[in-house]
**Q** 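What follows is a single structure, and I will ask about it in a moment.
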Protein chains: 2
Amino acid sequence: MDIDALRTFLAFVDTGSFTRAAQQVCRTQSAVSMQMKKLESDVANPLFVKQGRQLVLSNAGIQLASYAKQLIALHDEAYKQLKTSAGQVRIRLGCPDDYALSILPKITELLHQLIEQLDLQITCASTTELKNQLDQGLLDLIIATRSPSSEEGYFLHASSGVWVKSKEFSYHRDMTLPIAIFMRDCKFHQAAIEGLLKTERQFKVIGCCSSLSALDALVKNHLAIGAIAEISKAESLIIIDDPSLPALPAVDIVLLLANHTHNPISQTMVKQLAEQFVNQDKLVKPPA
Amino acid sequence: MDIDALRTFLAFVDTGSFTRAAQQVCRTQSAVSMQMKKLESDVANPLFVKQGRQLVLSNAGIQLASYAKQLIALHDEAYKQLKTSAGQVRIRLGCPDDYALSILPKITELLHQLIEQLDLQITCASTTELKNQLDQGLLDLIIATRSPSSEEGYFLHASSGVWVKSKEFSYHRDMTLPIAIFMRDCKFHQAAIEGLLKTERQFKVIGCCSSLSALDALVKNHLAIGAIAEISKAESLIIIDDPSLPALPAVDIVLLLANHTHNPISQTMVKQLAEQFVNQDKLVKPPA
DNA sequence: ACATTACATCAATTAAACTGATGTATTATA
DNA sequence: TATAATACATCAGTTTAATTGATGTAATGT
């Protein structure tokens, strides 16, 4: 199937007529007629059915219309991108929402230092989702969490899980805990729930949040205490120092590179990037 | 950009050589060379850089590789679909997971009665997600919930929210309630949480489930009581009749049709389908 | 009945793609 | 260091495909 013919086909879908489609794609009516005939023979199915002297889409035609729209959209996106990115290195970076404020800015800065003419595309999603997209080749590089025991990726930062509250929230040990946690695919979700169930302590889940900003909003408005990584803590929030609360796991934050053969950024560069990050990180927060 | 040229391009990405790419696409080396030259002039960017007597992908080339893979994959999927579906009507039906057991079978049966040579593609996801896909033209028809006050879609069934438990689960009024609920985008999630907070009753959220089967599993294993639509209730479960539990809202289950101009199924057919469903539904469960 | 609209078809033309031979630069070999 | 081999580029000729403009056919409107 030819991109050009599909575009003509969509012009017909749009106008309902070969004659008007021809105008739209700047060809003659007979050219359109022949293009569509070829398309029909390509897919070995009639795409149109006669209705009086008009043509309307057949069932196969309706199916093709949906596909053609997606194909042309993807084609045009690719084309536009390629034409406008002369000499640029495009890197598609994924970052979990909860590290967007803390980790992302430095990574962005280091990437720009490392690569001239950088065209950085940033996607926020959960670590699970980001890993999927990395595997599918839709991302080149992601910031992700791993268990400290694991060896995958390039180490950036270690952060322990903490319980946080707003200054105004009056916390005492025997209250029913209103808690705000991330969705199930977050390491802290399970640890918090399971930990609390073991303590026999009363609690209410105020919200299962899919983003740090949502969770932050609940905590900042004194509706709940939150279970997050220490590095994700907003300045205005306070870590709750209560050993009777279940411990939350420590996580490593790492850089994960897609294993495409052709990657805009190499293993060596990512390694270098991670090392630079760790060095700067030490200067800011000297190890205890 | 030509599909054929992109395929050749991917053959180069694969093999790293024009000569071998030529073999892969059954052309001569010079044909490949010229195709790639045209592709480069199309995107007005060099796709390759010399490395000795070899060529390797440029930055633009790396970008195109990712796009080309997606484009060819989509093209081939469309092509395959079109070729194999001679005379078939393909309908992409979306169904929320929690109505898959109750509503979906009848709808499927009625669709097959209504349409000969039906090629039915069924997707399960949350109502919100399904509506998105419907708007994007990725689905033709979905089963969805609406508030009973709303008028959207074609009515299928009214169901009230109920609290359910397993037979073995010993429920009494002053226990701390272990509850299993759907994710936030479900109408029962908010109603359950907010309702319980108002009652001042102690509860623990055992799980925020994204599917009925997950929620069912928790309830059937006596780990929690669940908040679901009555129609989603498995036979082995029991409705908890306790007025002190917060009331869960009633929902209408409806059929929603995409408003593409070219839809494989028409408004009239969907209307007819919904009416047939309602009639059969009455016979099975006469109104109180 | 006659004009009009809409698509199909045909032959001629135009444009594009492919081949096979040859050229140029690089790398391996002896 | 000559020589062979490898890899891509280029060119001219050929083949293939697409487009045009004119004409044909069928349905619809006046």
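Heavy atoms only: backbone and side chains are in, while hydrogens, waters and symmetry mates are out. Just so it is clear: chains get the letters A, B, ... in the order the sequence lines come, proteins before strands, and each one is counted from 1. Source: prediction; values computed, not measured.
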**Q** Polar-atom pairs under 3.5 Å, protein N or O versus N or O of nucleotides 14-20 of chain D: list them with distances, or write none.
**A**
unit_1	atom_1	unit_2	atom_2	d
D:dT19	OP1	A:R27	NE	2.9
D:dT19	OP1	A:R27	NH2	3.4
D:dT19	OP2	A:Q35	NE2	3.3
D:dT20	OP2	A:T28	N	2.9
D:dT20	OP2	A:T28	OG1	3.0

**Q** Restricting to pairs with a member in residues 16-39 of chain A, which pass ring pair (Phe, Tyr, Trp, His ring centres under 6.0 Å), not counting sequence neighbours?
**A**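 Every pair satisfying ring pair (Phe, Tyr, Trp, His ring centres under 6.0 Å) with a residue in residues 16-39 of chain A: A:F12-A:F18, A:F18-A:F48.
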
**Q** Given B:I265, which of B:L93, B:L111, B:V89 fulfils the side chain to side chain contact (heavy atoms under 4.5 Å, CB included) condition?
**A**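 Going through B:L93, B:L111, B:V89 one by one, the side chain to side chain contact (heavy atoms under 4.5 Å, CB included) with B:I265 is satisfied by B:L111 alone.
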
**Q** Give a yes or no on whether A:I122 atom CD1 has more than 12 heavy-atom contacts from other residues, nucleotides or ligands under 6.0 Å away.
**A**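 It does: A:I122 CD1 has more than 12 such atoms within range.
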
**Q** Return the set of residues passing ring pair (Phe, Tyr, Trp, His ring centres under 6.0 Å) with A:Y99 (not counting sequence neighbours), or none when no residue passes.
**A** none

**Q** Just report the end-to-end axis angle for the helix from C:dA1-D:dT30 to C:dA30-D:dT1, five pairs per end, to 10 degrees.
**A** 20°

**Q** Give me the residues of residues 12-22 of chain B where at least one heavy atom lies under 4.0 Å from an atom of DNA chain D, by number, or none.
**A**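 Only B:S17, B:F18, B:T19 qualify.
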
**Q** If you measure from the Lys or Arg side-chain nitrogens to the Asp or Glu carboxylate oxygens, is any gap between A:R27 and A:D4 under 4.0 Å?
**A**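 So A:R27 pairs with A:D4 through a salt bridge.
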
**Q** Check A:Q113, A:H112, A:Q88 against A:L118 for a side chain to side chain contact (heavy atoms under 4.5 Å, CB included) and give me the one that passes.
**A**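 By the side chain to side chain contact (heavy atoms under 4.5 Å, CB included) criterion, A:L118 pairs with just one of A:Q113, A:H112, A:Q88: A:H112.
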
**Q** State whether B:D14 and B:R7 are salt-bridged, where the test is any N-O pair (Lys NZ or Arg NE/NH1/NH2 against Asp/Glu carboxylate O) under 4.0 Å.
**A** no

**Q** Rounded off to whole Å, could you give me the CD-to-C1' distance for the A:Q54 and C:dT4 pair?
**A**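 Distance check: A:Q54 CD to C:dT4 C1' gives 13 Å.
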
**Q** Which pairs pass ring pair (Phe, Tyr, Trp, His ring centres under 6.0 Å) with one or both residues in residues 124-146 of chain A, sequence neighbours excluded?
**A** none

**Q** Think A:K37 has a side-chain N or O under 4.0 angstrom from the OP1 or OP2 of C:dC7?
**A** no

**Q** Only counting residues at least two apart or in another chain, list the ones meeting salt bridge (charged side-chain N to carboxylate O under 4.0 Å, His left out) with A:D119.
**A** A:R90

**Q** Identify, with sequence neighbours excluded, every residue that meets salt bridge (charged side-chain N to carboxylate O under 4.0 Å, His left out) alongside A:K106.
**A**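 Partners of A:K106 under the salt bridge (charged side-chain N to carboxylate O under 4.0 Å, His left out) test: A:D281.
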
**Q** Polar atoms only, N or O, under 3.5 Å: list the protein pairs with nucleotides 26-29 of chain D and their distances.
**A**
unit_1	atom_1	unit_2	atom_2	d
D:dA27	N3	A:R53	NH1	3.1

**Q** Please enumerate all residues that pass salt bridge (charged side-chain N to carboxylate O under 4.0 Å, His left out) together with A:D135, with sequence neighbours excluded.
**A**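 In terms of salt bridge (charged side-chain N to carboxylate O under 4.0 Å, His left out), with neighbours along the sequence ignored, A:D135 is linked to no residue.
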
**Q** Of all residues at least two apart in sequence or in a different chain, which pass the salt bridge (charged side-chain N to carboxylate O under 4.0 Å, His left out) check with B:E152?
**A**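 Residues passing salt bridge (charged side-chain N to carboxylate O under 4.0 Å, His left out) with B:E152: B:K131.
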
**Q** Could you pull out all residues at least two apart from B:H262 that satisfy side chain to side chain contact (heavy atoms under 4.5 Å, CB included)?
**A**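 Scan of B:H262 (side chain to side chain contact (heavy atoms under 4.5 Å, CB included), adjacent residues dropped) gives A:V13, A:L57, A:I62.
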
